[in-house]
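Just so we're on the same page: letters track the sequence lines, and every chain starts at 1. As the structure is a computational prediction, the values presented were derived from the model and not from experiment.
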2 protein chains.
Amino acid sequence: MPSAGPRSVVIELNAVLVALIDDQPQVLTLEDGALLPSGPFEGDHPTLQTGLRAWVERQTHHPLGYVEQLYTFADRYRTDAASGRRIVSISYLGLTRERSMKGEREPGWRSWYRYFPWEDWRDGRPAVVAKLILPKLGKWIDDARDAAARRARRQRVEQCFEQGAWNDELTLQRYELLYEAGAVPEAGRPRRPIADPVPGDAMRYDHRRILATGLARLRAKIKYRPVVFELMPPDFTLGQLQRAVEALAGRPLHKQNFRRLVDQQGLVEETGTVAAGTGGRPGKLYRFRREILLERALAGTKLPLARAE
Amino acid sequence: MPSAGPRSVVIELNAVLVALIDDQPQVLTLEDGALLPSGPFEGDHPTLQTGLRAWVERQTHHPLGYVEQLYTFADRYRTDAASGRRIVSISYLGLTRERSMKGEREPGWRSWYRYFPWEDWRDGRPAVVAKLILPKLGKWIDDARDAAARRARRQRVEQCFEQGAWNDELTLQRYELLYEAGAVPEAGRPRRPIADPVPGDAMRYDHRRILATGLARLRAKIKYRPVVFELMPPDFTLGQLQRAVEALAGRPLHKQNFRRLVDQQGLVEETGTVAAGTGGRPGKLYRFRREILLERALAGTKLPLARAE
DNA sequence: ACCTCTTATGCTCTATATGAGCATTAATGT
DNA sequence: ACATTAATGCTCATATAGAGCATAAGAGGT
């Protein structure tokens, strides 16, 4: 296909490992939060998935509930500093059950909202949006070269951040928008340094972008596949479950409707016991009905189908 | 992350290029249909996408409307015959506009239903399902080692092929099921040869699997993003559009509802002219409203949201 | 000119899903 | 007991999806 001869390339793996700890979506990091766990491609496993799974379980001593390939990044600016060889990075999303040793924080786990403060709308629109992000993007809009570009930029900003129709799945688009507007730094990319970045922790290389990819993927996924349960303890109340979904989606849900949904889908079954005192009426405990993973395949359709004959 | 040292790896690119020709979804192949277009990783383009795009446009002399990364395959059995080096293959899905030089068939374009005859339900359930596939899978179910395994297999077969609830997006799952059941051959994988495979052309290496991945992705995609238009000529009738979607989804659609959907979404606008005589009342011509690509971002949500405040 | 065929279009109806809100009930812990 | 905090049970309005009936408008043959 392309004509150039093969050239030396380094393959690395990156993992976005997610767990829920105290109603916060946490992601495993290294180097004081600056890196995602990553390492060279391992040739000894039959598949990348099993290699990744083995590695993670060795590190965290917890089984990986769910693994999914995210994306393969191979842009030119991704080159190894030492050898100058191009880096191709294959990234994965992994879900693991929380452990919550109550206080004994696992080192390395960070709330992903530290990296993306503007993504947490659980208590309404975060202040940072109106106070810092929108002004900055407003300026970026004005800086467009002509009226048409200005219009396009405005439309993009509105889509990404508008109050009325906040779309939680646009995490990556928002990050990319902020990046283009020069509002977040990203090492290793051909950009001048940023004077006053929008709040939120940065990461080295493009790891923050990979994280945004994982976040977006997970937010989309929970809406049509029961993956939340991979993050839950075996038994849980519907309240806990709701808070888990809210933590991931970054927005509040309607309690009654949430229950109705879970119920109708037959996702859970009662264990027969109730939760310990969490202050208030204790909820019934439920467990995930693993059978439904078999029963119902993927969902899906938005097409006006004709009769099945 | 993994411990083994870096090892020599070959990276290759694979492309699933789709076009619609005469109401058939066609895919570009090489070697008499046995291979997907592929080649070594090219280091000279800033991103993989641009590299791929340039290559395709050079080959087909047609612009690539839409490109999306599919998946990165890196299983152990994928090794280069000559060097023994492991092959990592990054695959892409690309959509290009049909050209339909009326008769002068472009070489290399094949209907994807040649590879997956059981996926075309436009005229009801294909005979091959009841006649060959289900019996074969029935035998596979019976061959399970114990009752539990038998039950699991049965459930899987039902999900994949059941008449009532045919899910067109499960293309890849179906292919994998047939593969596991020993009903389709796949070179390069650790499997004994198949005696009497189910009808459908095979491909070399795992290219047929990559194709199935592309098909599944595209079928899922058309339901929430207006990508069909990348396959259509500039002007088209709603009838043509419907046939295009049907070709991709592999199932018949309800005509009136299809129109209602297209209309409500504001996807198209009339050109003011009508189609030439195709036998029957000529339909109005429409064109895709490119603006909506900007207007509406991705769709999406299945969560019981609380008020937006 | 007339008749038959093939599409294109307009509308209606029903079941279900989704977003919201009101009203109760049941433990906790002080 | 009583205020508090959750958990539950229901009802309503609107939007959407799956189906089907009826009509309109050219094409093509007789």
Rounding to an integer number of Å, can you tell me how far B:Q240 CD sits from C:dT6 P?
19 Å

A:L261 has an atom CG; how far is it from atom P of C:dT18, in whole Å?
7 Å

Give the rounded distance in Å between these two atoms: NE2 of A:H254 and P of C:dT18.
13 Å

For A:L132, what residues pass the side chain to side chain contact (heavy atoms under 4.5 Å, CB included) criterion, not counting sequence neighbours?
A:V128, A:P199

Rounded interatomic separation in angstrom, taking CD from B:Q264 and P from D:dA15
11 Å

With sequence neighbours excluded, tell me which residues meet side chain to side chain contact (heavy atoms under 4.5 Å, CB included) with A:P63.
A:E57

How close or far is atom P of D:dA7 from atom CD of A:E270, stated in whole angstroms?
14 Å

note: B:D263, atom CG; C:dA8, atom P; distance rounded to Å ~ 15 Å

Hey, are B:E169 and B:R251 close enough for a salt bridge, meaning a charged N less than 4.0 Å from a carboxylate O?
no

If the condition is side chain to side chain contact (heavy atoms under 4.5 Å, CB included), which residues does A:A212 pass it with, not counting sequence neighbours?
A:F116, A:T171, A:L172, A:Y175

Over how many whole Å does the gap from B:Q265 atom CD to D:dA15 atom P extend?
15 Å

State which residues pass side chain to side chain contact (heavy atoms under 4.5 Å, CB included) with B:Q256; sequence neighbours excluded, sorted by chain then number.
B:H254

note: A:L253, atom CG; C:dA20, atom C1'; distance rounded to Å ~ 14 Å

Looking at B:K284, B:R287, B:R289, which one forms a salt bridge (Lys or Arg N to Asp or Glu O under 4.0 Å) with B:E270?
B:K284

Taking Watson-Crick (N1-N3 plus N6-O4 or O6-N4) and G-U wobble (N1-O2, O6-N3), each under 3.5 Å, can you produce the dot-bracket string of DNA chain C? Use [ ] for crossing pairs and | for inter-strand ones.
||||||||||||||||||||||||||||||

On the 0 to 90° scale, with breaks at 30° and 60°, tag the B:F161-B:W166 ring pair as parallel, tilted or perpendicular.
tilted

Roughly how far, to the nearest 0.5 Å, is the CD atom of B:E158 from the CZ atom of B:R153?
14.5 Å

Show each protein N/O and nucleotides 9-16 of chain C N/O combination with a separation under 3.5 Å, one pair to a line.
unit_1	atom_1	unit_2	atom_2	d
C:dT9	OP1	B:K284	N	3.0
C:dT9	OP2	B:R259	NH1	2.9
C:dT9	OP2	B:R259	NH2	3.4
C:dG10	O6	B:Q256	NE2	3.2

Rounded to the nearest 0.5 Å, what's the gap from CD on B:E246 to CG on B:D168? Could you check?
12.0 Å

